[in-house]
Amino acid sequence: TLDTVNGYFRIYDNSQLSDLDSAFAGLTHINGDFNIFDNSQLTSIGPLGSLEDITDNLSIYNNPSLTSIDGLNALLSVNGNLNISTNGSLLTINGLNLLDSVNGYLSISKNESLTHFNGVQNLIFVGDSLIIEGNLVLNNIDGLNSGTLNELVNALTIRTNPALDS
């Protein structure tokens, strides 16, 4: 069973891929960047449920059918940037519920169906900026009210979320 990837791990431009294969179920470490992008039919990343850390960046973007990132529910740390953007069907970021540190920036942007910023209740540290922008139906950011986030090194940007009311 694959448990570690040393180097880049990219899943991209797969027009018929709807779910990740169980071959990734034992993956616990990625020593490099992890990118999931341009997969038009991808709805779930469920088999990644054992992934604990990524030594560089995690980017999940332009997956228009992706509804959930629950497969990241064991992820504890990202040593680089974490970017989740332009996933038009993404409803929740609850899959990040164990994440405690992002050493770069954390950006959640342009996810047209995202209504709640829950799922980051264990986040303690962001080593750069936290950016929440362009999420058209996002109506609350209660996930930031957990009280665990105690250090944000650079900036907090919350903008262009027209439905945001709390």
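Below, each value reflects all heavy atoms present in this structure, side chains not excepted, and no hydrogens, waters or symmetry copies.
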Side-chain atoms of residues 74-81: list all donor-acceptor pairs with protein atoms under 3.5 Å, sequence neighbours left out, distances to 0.1 Å.
{"unit_1": "Asn79", "atom_1": "OD1", "unit_2": "Asn103", "atom_2": "ND2", "d": "2.9"}
{"unit_1": "Asn81", "atom_1": "OD1", "unit_2": "Tyr105", "atom_2": "N", "d": "2.8"}

Please output the side-chain donor-acceptor pairs of residues 88-97 that fall under 3.5 Å, not counting sequence neighbours, one pair per line with the distance.
{"unit_1": "Ser89", "atom_1": "OG", "unit_2": "Pro64", "atom_2": "O", "d": "2.7"}
{"unit_1": "Thr92", "atom_1": "OG1", "unit_2": "Asn94", "atom_2": "N", "d": "3.0"}
{"unit_1": "Thr92", "atom_1": "OG1", "unit_2": "Asn94", "atom_2": "OD1", "d": "3.2"}
{"unit_1": "Thr92", "atom_1": "OG1", "unit_2": "Asn94", "atom_2": "ND2", "d": "3.0"}

- Any chance you could lay out the side-chain contact (heavy atoms from CB on, under 4.5 Å) test for Leu144 and Ile132, step after step, and finish with the verdict? CA-CA 11 Å; Leu144 291 178; Ile132 305 167; 3.9 Å; yes
- Task: For Ile11 and Asn39, run side-chain contact (heavy atoms from CB on, under 4.5 Å): C-alpha distance rounded to whole Å, both residues' side-chain angles, the deciding distance at 0.1 Å, then the answer.
- Result: CA-CA 8 Å; Ile11 301 170; Asn39 299 290; 4.1 Å; yes
- When you look at Ile36 and Leu66, which way does the side-chain contact (heavy atoms from CB on, under 4.5 Å) test go after all the steps? CA-CA 11 Å; Ile36 303 172; Leu66 186 65; 5.9 Å; no
- Task: Check the pair Leu106, Leu123 against side-chain contact (heavy atoms from CB on, under 4.5 Å), reporting the backbone distance first and the verdict last.
- Result: CA-CA 11 Å; Leu106 170 57; Leu123 188 63; 3.8 Å; yes
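Ser50 places a side-chain N or O within donor-acceptor distance of the main-chain N or O of Ala25, the cut-off being under 3.5 Å. Without hydrogens or angle criteria, Thr160 side chain to Gly134 main chain gives no donor-acceptor distance under 3.5 Å. Between the side chain of Thr148 and the backbone N or O of Gln121, at least one donor-acceptor pair lies under 3.5 Å. Remark: side-chain polar atoms of Asn63 are paired, donor with acceptor, to backbone N or O of Tyr61 under 3.5 angstrom. Side-chain atoms of Asn87 never come within 3.5 Å of backbone atoms of Asn111 as a donor-acceptor pair (strictly under, hydrogens ignored).
Closest heavy-atom contact between Leu138 and Phe117: CD1-N, 3.7 Å. Here the closest non-hydrogen pair linking Leu130 and Val126 is N-CG1, 4.5 Å. Nearest heavy-atom pair, Glu112 versus Val137, reported as atom, atom and distance to 0.1 Å: O-CG2, 3.2 Å. Here the shortest heavy-atom pairing between Asn135 and Lys110 reads OD1-N, 3.3 Å. When all heavy atoms are compared, the tightest approach of Ser15 to Gln41 is O-CG, 2.9 Å. Of all the heavy atoms in Ser65 and Ser40, the pair that sits closest is OG-O, 2.7 Å.
For the residue pair Asn122 and Asp100, no side-chain donor N or O sits within less than 3.5 Å of a side-chain acceptor on the partner.
One hydrophobic cluster, built from ILVMFWY side chains closer than 4.5 Å, holds both Phe9 and Leu82. Both Val120 and Leu164 are part of a single hydrophobic cluster, where members link through side-chain heavy atoms under 4.5 Å apart. Residues Ile69 and Leu17 are members of one and the same hydrophobic cluster, defined by side-chain heavy-atom contacts under 4.5 angstrom among Ile, Leu, Val, Met, Phe, Trp and Tyr. Taken together through direct or relayed side-chain contacts under 4.5 Å among Ile, Leu, Val, Met, Phe, Trp and Tyr, Leu136 and Ile108 form parts of separate hydrophobic clusters. Note on Leu20: it clusters hydrophobically with Val5, by side-chain heavy-atom contacts below 4.5 Å among ILVMFWY residues.
Counting heavy atoms from C-beta outward, Asn139 and His116 have side chains that approach closer than 4.5 Å. Leu27 is not listed as a side-chain neighbour of Pro47, based on a closest heavy-atom distance of 4.5 Å or more.
Ring planes of Phe37 and Tyr12: parallel class, angle under 30° (limits at 30 and 60°).
Here the OG-CZ distance, from Ser109 to Arg159, works out to 9.5 Å after rounding to the nearest 0.5 Å. Distance check: Glu52 CD to Leu98 CG gives 9.5 Å after rounding to the nearest 0.5 Å. Here the CD1 atom belonging to Ile30 is positioned 13.0 Å from the OH atom belonging to Tyr8, to the nearest 0.5 angstrom. Rounding to the nearest 0.5 Å gives a distance of 11.5 Å between CG of Asp53 and CG of Leu58. A distance of 7.5 Å separates OG1 of Thr115 from CG of Asn140, quoted to the nearest 0.5 Å. We find the OG-CG distance between Ser107 and Asp128 to be 11.0 Å, quoted to the nearest 0.5 Å.
Leu51 pairs in a side-chain contact (heavy atoms from CB on, under 4.5 Å) with only one of the listed residues (Asn73, Asp3, Leu72, Ile45), which is Leu72. Partner of Ser129 under the side-chain contact (heavy atoms from CB on, under 4.5 Å) criterion, out of Leu152, Asn154, Val153: Asn154 alone.
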